[in-house]
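Since the structure is predicted, the reported quantities are computational estimates derived from the model, not experimental observations. Heavy-atom basis, side chains included; hydrogens, waters and symmetry copies ignored. Chain naming here is simple, since letters A, B, ... match the order of the sequence lines and numbering starts at 1 in each.
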Number of protein chains: 2
Amino acid sequence: MVRKFPEPDVFQANCPTQRVLETIADKWSVIVIYALSQQETRRYSELQRVIGGISQKMLTQTLRKLERDGLVDRKVYPVVPPKVEYSLTPVGHTLTELLKAICQWTQIHWDEIEAARVRYDQGSDP
Amino acid sequence: MVRKFPEPDVFQANCPTQRVLETIADKWSVIVIYALSQQETRRYSELQRVIGGISQKMLTQTLRKLERDGLVDRKVYPVVPPKVEYSLTPVGHTLTELLKAICQWTQIHWDEIEAARVRYDQGSDP
DNA sequence: CGGCATCCTAGAGGATACTG
DNA sequence: CAGTATCCTCTAGGATGCCG
């Protein structure tokens, strides 16, 4: 028996917006993508250095996830010592446009949000 | 002593894009905002019903967070039994525009992402 | 250099029960 | 009805150590 919803699937967790957010909206993905958008290619250690405070576990994990999603390209050079270069794919580049839109929204509305927070916190904790 | 960074704050976790994502990008926030965008006001129980599978803990927690950020308005009627109505604030409404943009990006690129995933998974697990 | 494997802990979040 | 409070679980993610 199939449950039928009158609404589109917006309320289900697999709605389009939900999907991207699951894809990119963690602390590190955005930062990694930014780091890659600033330069053609970045080496692993370069990313680690430029992104202060990321553990290599999370860096690797994030890069793997982005690579799996086809947003980041990973090129391994068969040299010793090892050399690996990361770069954004074409799809990855279109994603930076989206992030830019998000960034713009923030710049416009962030002051209001912070003000709202102050107001809220003052009201509940006088 | 203040630590000075040569880069702009894009790589720090508090960059603009990061901030919105921390604000809205959890499983439930998006769904709650969607639910509220479809109707002027929604009662608590109404939200709980329309959003399948959310616990009242998470619903309350999400609503409080959105209210604190000034994205959602909470109106309590002093009647018995209690009646509480939730609605989007003006800022909250502009946020739905942003979510729409995200949704559009997904609709354009999601097929590519899924295809990339299949390719990646086949390559690593033959 | 560019990782994986392991251990460990804090916090997210579900289930349940109670209340103004 | 619209929550709060408590417990309990499970996993994200840091720290550390080893390897090709």
Side-chain angles (χ1 to χ4, degrees), chain A residues 11-14 18 21-32 35-36 39 41-69 72-87 120-121 123-125, chain B residues 11-14 18 21-32 35-36 39 41-69 72-87 120-121 123-125:
Chain A
F11 293 121
Q12 304 331 114
N14 59 352
Q18 208 60 47
L21 292 177
E22 279 169 8
T23 307
I24 58 147
D26 60 289
K27 188 176 165 63
W28 297 120
S29 293
V30 178
I31 301 181
V32 168
L36 290 174
Q39 218 159 297
T41 67
R42 294 266 201 196
R43 297 187 59 171
Y44 185 90
S45 52
E46 205 181 346
L47 287 169
Q48 201 167 18
R49 184 169 33 76
V50 91
I51 303 173
I54 191 171
S55 63
Q56 77 284 61
K57 180 183 178 179
M58 288 321 291
L59 180 54
T60 303
Q61 189 173 306
T62 304
L63 286 168
R64 289 293 176 280
K65 195 189 69 174
L66 295 174
E67 188 196 356
R68 184 174 108 99
D69 289 344
V72 160
D73 192 46
R74 177 168 177 269
K75 173 145 194 180
V76 183
Y77 294 87
V79 297
V80 34
K83 178 180 176 180
V84 180
E85 279 184 348
Y86 292 93
S87 58
Y120 186 95
D121 292 347
S124 59
D125 184 50
Chain B
F11 293 121
Q12 303 332 114
N14 60 353
Q18 207 61 47
L21 292 177
E22 277 169 10
T23 307
I24 58 148
D26 60 288
K27 187 175 165 63
W28 297 120
S29 292
V30 178
I31 302 182
V32 167
L36 290 174
Q39 219 159 295
T41 66
R42 294 265 201 197
R43 299 187 58 172
Y44 185 89
S45 52
E46 204 181 347
L47 287 168
Q48 201 167 17
R49 186 168 31 76
V50 90
I51 303 173
I54 192 172
S55 63
Q56 77 284 57
K57 180 182 178 180
M58 288 320 291
L59 179 53
T60 303
Q61 190 172 305
T62 303
L63 286 168
R64 290 291 177 281
K65 195 188 69 173
L66 295 174
E67 187 196 356
R68 186 175 107 99
D69 290 344
V72 159
D73 192 46
R74 177 169 177 268
K75 173 145 196 179
V76 183
Y77 294 87
V79 296
V80 35
K83 177 180 175 180
V84 180
E85 280 184 346
Y86 292 93
S87 57
Y120 186 94
D121 292 347
S124 60
D125 184 48

In whole angstroms, the gap separating C1' of D/dA12 from NZ of A/Lys65 amounts to 12 Å
Between CD of B/Glu46 and C1' of D/dA2 the distance, given in whole Å, is 14 Å
Between B/Lys65 and B/Ser29 the two heavy atoms that sit nearest each other are NZ-OG, 3.1 Å
Practice item. Name the nucleic acid region contacted by A/Tyr86, choosing base, sugar-phosphate or nothing; use a 4.0 angstrom heavy-atom cut-off, strictly under. Key: sugar-phosphate
For B/Val72 and B/Tyr86, the nearest pair of non-hydrogen atoms, with its separation, is CG1-CD2, 3.9 Å
Counting only side-chain nitrogens and oxygens, does B/Thr60 get under 4.0 Å of the OP1 or OP2 atom of D/dG3? no
The reported gap from OG1 in A/Thr41 to CG in A/Leu47 (rounded to nearest 0.5 angstrom) is 9.5 Å
message = Taking 4.0 Å as the cut-off, does a side-chain nitrogen or oxygen of B/Arg42 come that near to OP1 or OP2 on D/dC1?
response = no
B/Leu63 CG to D/dC1 P, in whole Å, measures 17 Å
With sugar-phosphate taken as primed atoms, P, OP1 and OP2 and all else as base, the protein-contact string of nucleotides 7-20 of chain C at under 4.0 Å (heavy atoms; B, S, -) is ------BBBBB--B
For B/Asp26 and A/Gln18, the nearest pair of non-hydrogen atoms, with its separation, is O-NE2, 4.2 Å
Heavy-atom nearest pair, B/Thr62 first then B/Met58, reads OG1-O, 2.6 Å
Rounded to whole Å, the CD-C1' distance (B/Glu67 to D/dA2) equals 13 Å
Exercise. OP1, OP2 of C/dG2 versus side-chain N and O of A/Arg43: anything below 4.0 Å?
Worked result: yes
Interatomic distance, CD@B/Gln39 vs OG@B/Ser87, rounded to 0.5 Å, equals 11.5 Å
Note: B/Pro82 and B/Arg43 closest approach over all heavy atoms is O-NH2, 3.5 Å
A/Leu59 atom CG is separated from D/dG13 atom P, nearest whole Å, by 13 Å
B/Arg64 CZ to D/dA2 P, in whole Å, measures 12 Å
Axis-to-axis angle across the helix from C/dC1-D/dG20 to C/dG20-D/dC1, five pairs each end, nearest 10 degrees, ~ 50°
Separation of C/dG2 atom P from A/Lys83 atom NZ, nearest Å, is 9 Å
Distance col, row A/Leu63:CG vs A/Tyr44:OH, nearest 0.5 angstrom, shows 7.0 Å
Here the pair of heavy atoms bringing A/Ile24 nearest to A/Val30 is O-CG2, 3.6 Å
